[in-house]
Amino acid sequence: MGAGEAGGGKAGDGKAGGGEVGAGEAGDGNGTTDRSGMTDRNRDAKSGHIELASLTKRFGDVVAVAGISLEVAAGEFFSLLGPSGCGKTTTLRLVAGFERPDAGRILIDGRDVATLPPHKRDVNTVFQSYALFPFLNVAENVAFGLRYRSVSKADSARRVAEALELVQLAGYEKRRPGQLSGGQQQRVALARALVLRPSVLLLDEPLGALDAKLRRALQVELKTLQEHLGITFLYVTHDQEEALTMSDRLAVMSGGQIAQLGAPREVYEEPVDAYVAEFLGVSNLMDATATRPAGATEVCHVRLGEFDLEAGCGRIDSTGAVKLAIRPERVELGAYELTGGNRVPGMVERLVFLGSATQIFVHLAPGVTLQALVRNDGRALPWSQGSPVSVALPADALRVLATEVPAFEEALAPAVG
Amino acid sequence: MAVIAEKPRPAAPMHLPGAQRERAGWPKFLPRPNPWRRAWFLESFTWLYLIWSIVPVALAVLFSFNNGKSQSSWQGFSLQWYVGKGDTSVLHNPELHHAVIQTLVLAGLTTVITVPLGVAFAIGIDRWRSRTAAGLSFVMIFSFVVPELLLAVALFFVVTQLLRFIPLGTYAEVAGLVVWNLSWPAIVVRARLVTIGRVYEEAAADLGASRIRAMWRVLAPMLMPAIFASAVLVFAGVIDDFVIVEQLSSTANTQPMSVLIYSNVHSAGLPGPALNALATIMLGFSLIVAVLGLLVYRFMTRQERHGSTEALTSIAGM
């Protein structure tokens with residue numbers, strides 16, 4: 001846990017500047033950790049620092065990674081989040097060494113590895129398809145990489161047993177990958193990488209092929225494991241829930257660039273634009289006009305249809321056309337008769353019972369449909385399809401976003417060095 | 001559970017409203033066709049085809065055991081054409097048993113040379129991405145496109161006019177057969193390479209294996225079934241081959257079974273049933289190789305949870 005806290009602490013320092021990463025202090029001094037840490041479990045907790053500097057990769061005319069710069073602190077759980085084709089997997093493959101960057105640097109513990117072949121890098125990968133060798137049994141699969149380290153036979157056997165213990169697969173040594181379930185194969189893949197005690201573990205959608213329930217269980221397990229081992233995890237996923245649950249920090253990617261970088265809470269609560277807001281879970285987006293930007297007051301006056309609202313967060317100094325965003329869980333429904341500030345009348349369009357909550361689609365008078373999430377407290381809801389309701393959009397939850405996607409300004413990309 | 005499993009197949013045509021509407025133009029006096037009926041026509045056609053192709057072969061095999069010189073009237077069972085005394089049996093006639101040995105020598109040599117070349121060819125085409133590689137991958141199917149006779153005649157000229165240091169006979173035959181059969185390993189191994197993808201090699205590299213080591217420790221075992229399957233295909237193909245070896249053989253000493261049968265079947269050389277016996281041995285070799293190949297292939301790919309269909313198609317070279 002100690003290393004995990006250390007990493008988290010760094011992340012905390014980093015996000016202080018509102019999306020900017022103060023990674024400078026994480027980088028120097030401890031960046032040149034002794035390489036012998038590779039074979040030592042009680043390695044310096046500070047090894048495993050990654051720095052990408054204007055990393056670029058093109059495939060023909062397609063720019064897969066367009067000058068990414070970011071820093072991952074040692075022992076941090078860092079996620080690259082984005083839809084398919086956003087460049088997250090290519091970024092991971094560049095760090096692993098399967099692709100050669102067209103420009104930029106990849107520093108691991110201060111050493112540029114961009115030109116090293118994959119087998120000379122102190123990083124290991126857990127593949128989306130697991131890539132377990134089908135002709136080897138579980139123990140042989142896990143021991144595969146140990147052959148290329150100077151590890152004695154007895155030592156190797158002990159480490160394989162340890163690694164399998166770690167992923168709770170002791171007793172499965174003689175099985176073939178084909179005889180294991182998807183979740184078990186995933187654990188073998190993890191053990192095969194961890195047995196080499198890399199300073200950085202790269203995970204390419206490792207839970208992508210599993211069913212939802214198993215995925216959730218393994219999320220918790222992976223996070224616990226990462227905190228326990230103190231290894232840097234660079235995790236690629238398109239699943240926002242996964243990224244939010246596990247990461248110390250995450251980067252939302254779009255078109256080969258970083259759209260926003262920060263702690264999960266920060267990215268979720270304070271998305272910089274409509275893209276990030278939309279990608280991180282359902283976000284109710286509305287077109288509105290900012291009539292009076294925040295000056296002396298802390299709120300921005302916006303006009304949604306014929307209703308005047310106050311929005312308290314986001315780019316409250318905007319004027320003109322803006323987008324308003326509010327998370328479904330912050331939308332409050334009340335009796336139609338209720339009036340007051342930031343209330344808009346609407347009509348219930350549809351109710352979807354989800355178990356722990358009910359999802360309610362409300363058609364607002366200005367002509368937009370919002371989703372509201374009402375927690376299930378055991379009582380039946382007083383509304384049904386067609387019920388008129390009063391919808392409260394609290395000012396502190398109503399976020400003003402710029403309409404145009406910001407052109408990936410300096411502020412969003414972390415300062416390097 | 002059993003109740004669900006034994007759900008009966010509807011025996012009588014079901015008069016679904018939808019089906020009726022679809023068949024609005026169907027004449028009233030004709031019985032409505034039952035879509036679940038047995039496919040009588042296809043079934044009988046299949047049987048007919050099987051009979052048509054198997055019966056002549058079976059008859060040829062049968063008359064190799066004839067106790068007499070006739071190839072058409074049965075005179076009792078005997079092994080005289082296989083192991084009989086005198087010089088008319090395969091065992092004792094030098095020409096006949098030399099043909100058997102020559103066939104096996106050609107098949108063995110060709111397989112040993114063709115398969116490694118074909119594997120290298122397949123890996124090369126798979127890894128080398130360029131226009132040239134695309135062109136070369138067309139060359140892979142060369143032997144499926146070029147008529148065998150054309151290649152055989154061309155090779156004959158090459159050997160007799162250009163590369164005169166290759167004498168007609170076993171050397172020329174093997175050279176020709178390698179050219180003709182190279183497509184098999186190339187295509188089968190290439191298909192397997194495409195199925196495997198790069199991820200296993202990447203995983204090996206990620207775990208610390210250099211490129212060469214990854215190839216040996218990961219790619220080679222994974223290619224083994226395909227390599228083996230293509231070896232079977234080449235071996236069986238050489239046993240059957242006639243056109244190329246006929247062109248490139250020199251003396252009777254370098255005639256394999258197929259050529260010997262051909263040159264004797266219309267002339268009054270060797271007695272008929274002896275040739276039948278030779279043909280039966282040829283067939284036996286092919287069958288043994290195919291069955292052995294199928295079994296070993298299934299054993300090799302047992303971890304991959306594919307049905308035997310893939311094994312069959314790989315043996316068949318598809």
Side-chain angles (χ1 to χ4, degrees), chain A residues 38-39 59-60 89 92-93 95-99 116-138 140-151 163 175-180 185 188-189 191-198 200-204, chain B residues 119 123 126-134 188-189 191-229 295-311 314:
Chain A
M38 213 162 79
T39 49
F59 293 110
T89 295
L92 192 87
R93 290 174 60 83
V95 178
F98 302 139
E99 309 286 354
L116 287 182
H119 67 276
K120 296 221 171 110
R121 300 190 187 188
D122 182 21
V123 296
N124 287 114
T125 311
V126 175
F127 295 85
Q128 184 172 16
S129 60
Y130 317 133
L132 298 176
F133 306 120
F135 51 91
L136 299 177
N137 66 27
V138 168
E140 289 164 342
N141 259 291
V142 175
F144 190 94
L146 288 173
R147 184 186 278 209
Y148 305 111
R149 314 281 161 109
S150 41
V151 179
R175 302 264 191 108
R176 299 266 175 177
Q179 297 169 302
L180 302 177
Q185 289 187 33
V188 177
R192 186 175 70 174
L194 288 176
V195 78
L196 301 174
R197 292 163 194 170
V200 175
L201 189 67
L202 309 173
L203 301 103
D204 184 10
Chain B
V119 173
I123 294 177
D126 192 65
R127 296 295 139 89
W128 175 29
R129 303 206 176 278
S130 72
R131 285 253 169 94
T132 326
V188 175
V189 171
R192 176 93 180 153
L193 274 174
V194 170
T195 318
I196 295 171
R198 296 299 293 271
V199 70
Y200 293 102
E201 272 173 282
E202 282 179 357
D206 189 68
L207 295 167
S210 64
R211 257 184 113 138
I212 301 289
R213 279 170 162 170
M215 226 170 210
W216 269 115
R217 246 185 111 191
V218 174
L219 198 60
M222 294 195 80
L223 286 182
M224 226 37 214
I227 294 173
F228 178 78
L295 290 179
V296 175
Y297 186 87
R298 283 178 74 164
F299 176 77
M300 280 179 171
T301 53
R302 69 196 180 284
Q303 279 119 34
E304 294 178 24
R305 286 196 283 183
H306 291 308
S308 56
T309 4
E310 207 213 348
S314 285

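Note: hydrogens, waters and symmetry copies are ignored here, and every other heavy atom, side chains too, is used. Below, chain A is the first sequence line, B the second, and so on; all start at residue 1.
- Remark: the backbone N or O of A:Y130 is paired with a side-chain donor or acceptor of A:R192 at under 3.5 angstrom.
- The parts of B:A204 that come within reach of chain A are both its backbone and its side chain, each placing non-hydrogen atoms under 4.5 angstrom from that chain.
- By the neighbour-count criterion of 12 heavy atoms within 6.0 Å, atom CE of B:M224 is sparsely surrounded, having that number or fewer from other residues, nucleotides or ligands.
- Comparing B:A214, B:A209, B:S210, B:P221 by how many heavy-atom pairs each has under 4.5 Å with chain A, the most go to B:A209.
- The backbone N or O of A:V138 lies less than 3.5 Å from no partner atom in the side chain of A:R175, so there is not a single donor-acceptor pair.
- When heavy atoms are compared at a cutoff of 4.5 Å, A:F144 approaches chain B by way of both its backbone and its side chain.
- For the pair A:D122/A:V200, no side-chain contact is recorded, criterion being any heavy-atom separation below 4.5 Å from C-beta on.
- A:L146 does not touch chain B: none of its heavy atoms, backbone or side chain, sits under 4.5 Å away.
- Both the backbone and the side chain of B:R217 have a heavy atom closer than 4.5 Å to some heavy atom of chain A.
- Ring centroid separation for the pair A:F135 and B:Y200 does not come in under the 6.0 Å cut-off.
- Proximity to chain B is limited to the side chain of A:S129, based on heavy atoms less than 4.5 angstrom apart.
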